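Inspection log for the structure reproduced underneath, given as structure tokens.
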Amino acid sequence: MQEWANQLCENRQFGSKMTDSKYFTTTKKGEIFELKAELNSDKKEKKKEAVKKVIASMTVGKDVSALFPDVVNCMQTDNLELKKLVYLYLMNYAKSQPDMAIMAVNTFVKDCEDPNPLIRALAVRTMGCIRVDKITEYLCEPLRKCLKDEDPYVRKTAAVCVAKLHDINAQLVEDQGFLDTLKDLISDSNPMVVANAVAALSEIAESHPNSNLLDLNPQSINKLLTALNECTEWGQIFILDCLANYTPRDDRESQSICERVTPRLSHANSAVVLSAVKVLMKFMEMLPKDLDYYGTLLKKLAPPLVTLLSAEPELQYVALRNINLIVQKRPEILKHEMKVFFVKYNDPIYVKLEKLDIMIRLASQANIAQVLAELKEYATEVDVDFVRKAVRAIGRCAIKVEQSAERCVSTLLDLIQTKVNYVVQEAIVVIKDIFRKYPNKYESVIATLCENLDSLDEPEARAAMIWIVGEYAERIDNADELLESFLEGFHDESTQVQLQLLTAIVKLFLKKPTETQELVQQVLSLATQDSDNPDLRDRGYIYWRLLSTDPVAAKEVVLAEKPLISEETDLIEPTLLEELICHIGTLASVYHKPPSAFVEGSRGVQHKRLPARAGSGESAESPDTVSTGGVSEAPPAVIPSQGDLLGDLLNLDLTPPTTTGPPPPTSSMQMGAMDLLGGGLDSLLGGDIGGSPAMGASFGAPPAVMPGSFNAPVSGGLSDLFDLGGGVGMPMGAYVPPKTVWLPAMKAKGLEISGTFARRSGVVQMEMTLTNKAMSVMGDFAIQFNRNSFGLAPAGPLQVLTPFTPNQSIEVTLPLNTVGPVMKMEPLNNLQVAVKNNIDVFYFSCQYPISMLFVEDGKMERQVFLATWKDIPNDNESQFQIKDCHLNSDAASNKLQGSNIFTIAKRTVDGQDMLYQSMKLTNGIWILAELKVQAGNPNYTISLKCRAPEVAQSVFQSYEAVLKN
Amino acid sequence: MIHSLFLVNASGDIFLEKHWKSVVSRSVCDYFFEAQERATEPENVPPVIPTPHHYLISVLRHRIYFVAVIQSEVPPLFVIEFLHRVVDTFQDYFGVCTEAAIKDNVVVVYELLEEMLDNGFPLATESNILKELIKPPTILRTMVNTITGSTNVGEQLPTGQLSVVPWRRTGVKYTNNEAYFDVVEEIDAIIDKSGSTITAEIQGVIDACVKLTGMPDLTLSFMNPRLLDDVSFHPCVRFKRWEAERILSFIPPDGNFRLLSYHVSSQNLVAIPVYVKHNITFREGSSQGRFDLTLGPKQTMGKAVESVLVSSQLPRGVLNTNLNPSQGTYTFDPVTKLLTWDVGKINPQKLPSLKGSMSLQAGASKPDENPTINIQFKIQQMAISGLKVNRLDMYGEKYKPFKGIKYMTKAGKFQVRT
């Protein structure tokens, strides 16, 4: 066969001696001038050649628009090729010469009546491409005819033309009723016409997210499935993508669609395959897992996905990005296919990195040995980026597969022995993560790590090493020397390293107080006095303050046991994953972002969700029957911030302590040199410290000159920060809890703030009463929130009428939004606030009732409720008792509704009312509740189910508050 | 849908542009050029590149980047598949797909692109249909056209376009009726240092060249269809029949086409036809390295291993090599550090070897990375998976066609780690 091909080639090369390249040669005289003359020539042949020259110039981007009238003159011809060429030219330049383009209209209209369907189709096709308003007006009549043409070739061309016209003038298309005609074409007898109609409707629907253009019902689905078998590969893609938007009524319909779609998995066109995978992945969600067919389907999905990986690298890349999603959703599909993801040395880098990622996701105890051997191999490759990622992957394996941790650590040690600089640094970074996951297990390797201290030049690696030294200071004999060596060039280090060094030395001091006072003194002063970085200064002051007021508390805070890092740090958040599964094969799946996040022009894209699985038995009346089957695995815990694991880990040391230390003595606010040490340090140092005065001297007072804004933390605000919740206990009130004092005047130089939170007509508000108990006028108010669990942030500035004179009280309402930065707080509804005025900055914290975050559209549909209730694992259910509540179920239901807790169904069993309720938080988390009210019994029982079980406690508190007030 | 297409050559010039909707300024390609500059190798340019208003999806073939511009959410695979189809069509029409060939045939290229896509929707991508609409340029036709003034654009609606067999035109006539099938298997493998197989898989295709009169209906059956558990078919293959009987039943397109591609996964045992004995060592502190490579046949069912070509990217520290091949010729490029050894045929009695020394930069530390050896080879008359065609039958036509089936095994990405 090769020979035939060669021969063919030769023929063609021979043939290509008379080629189009001649169209590019020009003479000196002025090309345009010459072309003009040729275009107006009487000879047909010369005309055609001239038009070809024009087209050739056009393709390389030369401006030949000046020839417009001359080219249009050639349009009236019976030579099809010439006609086509002129049309090509018209499409390109009509926009810039709209008046001239009108000259062409007549010919178009005439061509639309031509007996040759090819010409009819060509005319309507070209007219649609001319984006000039005046022309589109003339297009409507011919288009209407062509949509009903007897020849399917014309009809299918016309269908696409409707989409073109809609792009130019949407209103016109709607007014002319073309959309309905297009919908009718879905039932056309010719599959190609059906496919094009679907494609056109899909494109139009994209700019009209809410129009019910593709109104799918079982009949139309059936037609689509029939057309699917007979239309071209491209048509199959459109039809499959359209099918994926349909939600079958029940599992039986779902199965029958799946059965008819599976043959597409064997298609040679990879886009068809991936679209089919999308449909199957979505509809599979509805099939009961105990069904035989479910298992069959799972098995059928693996081979086509593997086959995609043998295609061209660009296809591989898109396939791999999608497989990454599929593996997260249904790891069972590809769990035996690890080997196909092994990296070939000449794969493009983008393919390599994706393969690596999937290898880690598929790593399990069964295949970890193989994976590690591969990763170690990759770590000796040439490409630095890839090597780094391979080393990091070894660390991720250790964290993911506990049994392999030891093997991973020894692999990493082997790699450190290679002394290749970037490999060593990367290895140290991941070993630090391994320490975080398995504390006190692999410390024996620290010595080896310390040997490489000098070669580390990247901030991340230095920070990691410093963390390790600080964390295990007590086992490293020369920890102080090591840290001191870093301290020398303190100001040249990056912030990350500086922060880490500060924390590490404080840790060291708390562990070995006797030898390291000087060191800690030095680092504190470096951090607070000589640094311009506010984060560093803040952290420095906090430690200083902490060490000086209450070293015992400091020990509890700084050396607190850190939470273990999660197994999977980069899983996609489950709701996003579900949405992305619905978008397999699209750009969204390549970027792992919902389409709404980046696709331009798609106004308000609808969020797609996976359909809910039908119950395995008969559809149950109450969610009580949860225990039987159909319960999906618990979603793995997720740390939301991807890729920034290290930052989080390093910062963890600073999270406010959960234990509330004894309130600092008031005297400590007065900052005496002696007070700084307090009595607590003695207890820390035990008996062997000679004289605390000496210590006091070495500690000294904080520097006398301090930036003004930092007076506050030192002089009392800081203690408030650590006095979370304790000082400002807030009774969880009713819908709007009564105001409580958040900031007492004595702590804030005369400013007293009391306040509460409310949700009024869908807006969360902070309602405060500010009282000026100082002797002077206040002004320049501003407010800021710390990062908090639901991203609450002020939606506007704090409006305080000035002058705010002494003894005056004013009411301030601050609207809030929930788009601020998010950090999980403890308790969840804790909010740390900073208020500034002309005197100082003050800090306080308060708790908001979570009910104010219940949004108005929190009413779930009954079916969805049932399915969701079942879908949430039982582990996530929590039960509470509400005591002494004297409401009947209806009254309770009404009252709760006021707070956006919606009752979906009510059932009475043995005199006990069961209320099924739902609510939705501003961040989209649904909470489902079952409230049991027994007549005559003042104690209610409430069961809460939510994918994020952490919120249960706060929700319960809200229930109690709402019901009792 | 696909908005525009730009063709970019290796030196970063746009040499052709085509817009199916409104015109997109070629400055959009600047984002592509940026990515191109960042990439260390031409093939490392990421296939999907976001820009503020568009997305660029590109494929690299024949050292030409085909960059498609899209504006809305479009399946990227659809775009990539289409671009590959464009390349295939160019190759089909002009024999080669090079910048020169495209420029030489720019009008045909433009006509083709216009015919393949309408408003971004694929219109006609089957080469059979396209050839009826736009005749490929040949010396004969160009001469005839010049004399008679006729065109190379078909006046009639392609017959296949709307029939149930869109891939085949009606009224096909041949004097010699023949049907040839080539079973070609490529073996992808990674072999580790010790010679054991880490992963091996087979990508197989059956390419056909069918020149039969009328509407023939063919069936092709295999001795061992069980091997084919992961297949992709040409649309002409009747899937139901395959599912039920494991027989390929189809009305073939006219001319060359790929009937089937299949994948024999690493789960099955894959025979490895060659083995490599290697000893590539560098010593610490010495400016010399040893290189010793011997090839030999393994599991080839007695067939000869031919057209063997060994290549390896040696570490950057290697300055030059002084090697001695027992057969064939070798070259070493001191700039790219690429070693290639054109071995030719392996004689099992006298195994080919390449031995000698490598000189390293004096005083430099020994290289960190181990070179990987890439091997290409061909084995005629054998499909390494063991796939065998049982029989080929024709129905629907009276004449007796000439039938032929060839087998071949090639190395795909066959890599040996050292």
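This one's a predicted model, so the numbers in the text were calculated from it and none came from an experiment. Naming: A, B, ... by sequence-line order, numbering from 1 per chain.
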| What part of A:E203 is in contact with chain B, defined as an atom under 4.5 angstrom from a non-hydrogen atom: side chain, backbone, both or neither? | side chain
| Between A:L274, A:L265, A:V273, A:N269, which has the largest tally of heavy atom pairs under 4.5 Å with chain B? | A:N269
| chain A heavy atoms under 4.5 Å from B:K413: which part of the residue, side chain, backbone, both or neither? | both
| query | If you count heavy-atom pairs under 4.5 Å between each of A:L88, A:I584, A:I168 and chain B, which one has the most? | reply | A:L88
| query | Do the non-hydrogen side-chain atoms of A:V318 and B:P47 ever get within less than 4.5 Å of each other? | reply | no
| query | If you count heavy-atom pairs under 4.5 Å with chain A, which of B:D118, B:I80, B:T372, B:V59 comes out on top? | reply | B:D118
| note | From the list A:S310, A:G585, A:S270, A:P348, the residue making the most non-hydrogen contacts under 4.5 Å with chain B is A:S270
| Between B:Q415 and A:N346, do the side chains contain an N or O donor and an N or O acceptor separated by less than 3.5 Å? | yes
| request: Measure A:I237 against the heavy atoms of chain B and call it side chain, backbone, both or neither at under 4.5 Å. | output: side chain
| said: Can you tell me which portion of B:E243 sits under 4.5 Å from chain A's heavy atoms? Options are side chain, backbone, both or neither. | reply: side chain
| Which portion of B:L60 sits near chain A, non-hydrogen atoms under 4.5 angstrom | both
| field | B:N44 side-chain N/O to A:I349 backbone N/O, donor-acceptor pair under 3.5 Å | value | yes
| request: Tell me, for B:P371 versus chain A, whether the close heavy atoms (under 4.5 Å) come from the side chain, the backbone, both or neither. | output: neither
| task | Pick one of side chain, backbone, both or neither for A:P263, based on which atoms fall under 4.5 Å of a heavy atom in chain B. | result | both
| Checking B:R316 against chain A: side chain, backbone, both or neither under 4.5 Å from a heavy atom? | side chain
| said: Less than 4.5 Å to any heavy atom of chain B: does that hold for the side chain of A:Y345, its backbone, both, or neither? | reply: both
| task | Check whether any side-chain heavy atom of B:P50 sits under 4.5 Å from a side-chain heavy atom of A:Y591, and report yes or no. | result | yes
| If every non-hydrogen atom of B:L123 is compared with every non-hydrogen atom of A:K156, which pair is closest and at what distance? | O-NZ, 3.8 Å
| query | Side chains of A:D241 and B:P75: closer than 4.5 Å at any heavy-atom pair? | reply | yes
| Under 4.5 Å between any side-chain heavy atoms of A:L587 and B:P76, yes or no? | yes
| request: Taking only Lys NZ, Arg NE, NH1 and NH2, and the carboxylate oxygens of Asp or Glu, determine whether B:R85 and A:E233 approach each other closer than 4.0 Å. | output: yes
| query | Of the backbone (N, CA, C, O) and the side chain (C-beta and beyond), which part of A:F238 lies under 4.5 Å from a heavy atom of chain B, both, or neither? | reply | side chain
| Passes ring pair (Phe, Tyr, Trp, His ring centres under 6.0 Å), A:W234 versus B:F121? Steps please. | CA-CA 8 Å; A:W234 313 108; B:F121 295 101; over 10 Å; no
| Would you say A:K164 and B:K21 make side-chain contact, with heavy atoms under 4.5 Å? | no
| remark: If one checks every heavy atom of A:Q236 against chain B at 4.5 Å, the contacting part turns out to be neither
| query | Quick one: do B:E114 and A:R125 make a salt bridge, cutoff under 4.0 Å? | reply | yes
| request: Could you look at A:K300 and say if it's the side chain, the backbone, both or neither that has a heavy atom under 4.5 Å from chain B? | output: side chain
| For B:V23, is it the side chain, the backbone, both, or neither that has a heavy atom closer than 4.5 Å to a heavy atom of chain A? | side chain
| said: Give me the atom names and distance for the closest heavy-atom approach of B:V45 to A:Y350. | reply: O-CE2, 3.2 Å
| query | So what's closer than 4.5 Å to chain B heavy atoms on A:V590: side chain, backbone, both or neither? | reply | side chain
| field | Per-residue contact mode, A:V51 against chain B (heavy atom under 4.5 angstrom) | value | neither
| query | Side chain, backbone, both or neither: which part of B:K193 has a non-hydrogen atom closer than 4.5 Å to chain A? | reply | side chain
| task | Mind running side-chain contact (heavy atoms from CB on, under 4.5 Å) on B:L77 and A:E314 for me, showing each step along the way? | result | CA-CA 9 Å; B:L77 274 189; A:E314 300 93 1; over 6 Å; no
| remark: Among A:T586, A:L308, A:V387, the residue with the most heavy-atom pairs under 4.5 Å to chain B is A:T586
| note | Looking only at heavy atoms, the pair that brings B:R417 and A:V343 closest together is NH2-O, 3.6 Å
| said: For A:L85, which atoms come within 4.5 Å of any heavy atom of chain B: side chain, backbone, both, or neither? | reply: side chain
| note | Ranked by heavy-atom pairs below 4.5 Å to chain A, first place among B:Q313, B:Q203, B:H84 goes to B:H84
| query | NZ of B:K378: more than 12 outside heavy atoms within 6.0 angstrom? | reply | no
| note | When the 4.5 angstrom heavy-atom criterion is applied to A:F341 and chain B, the contacting part is neither
| Considering only heavy atoms, which portion of A:T418 lies under 4.5 Å from any heavy atom of chain B: side chain, backbone, both, or neither? | neither
| message | Counting heavy-atom pairs under 4.5 Å with chain B, which one of A:H267, A:E377, A:M338, A:K352 comes out on top? | response | A:E377
| Non-hydrogen atoms of chain A under 4.5 Å away: do they reach the side chain of B:I198, the backbone, both or neither? | both
| query | Below 4.0 angstrom, N of the basic side chain to O of the carboxylate: do A:K339 and B:E201 qualify? | reply | no
| request: Against chain A, work out which of B:F239, B:W242, B:Y262 has the most heavy-atom pairs shorter than 4.5 Å and name it. | output: B:F239
| message | If I measure from the heavy atoms of chain A, does B:T40 come under 4.5 Å with its side chain, its backbone, both, or neither? | response | neither
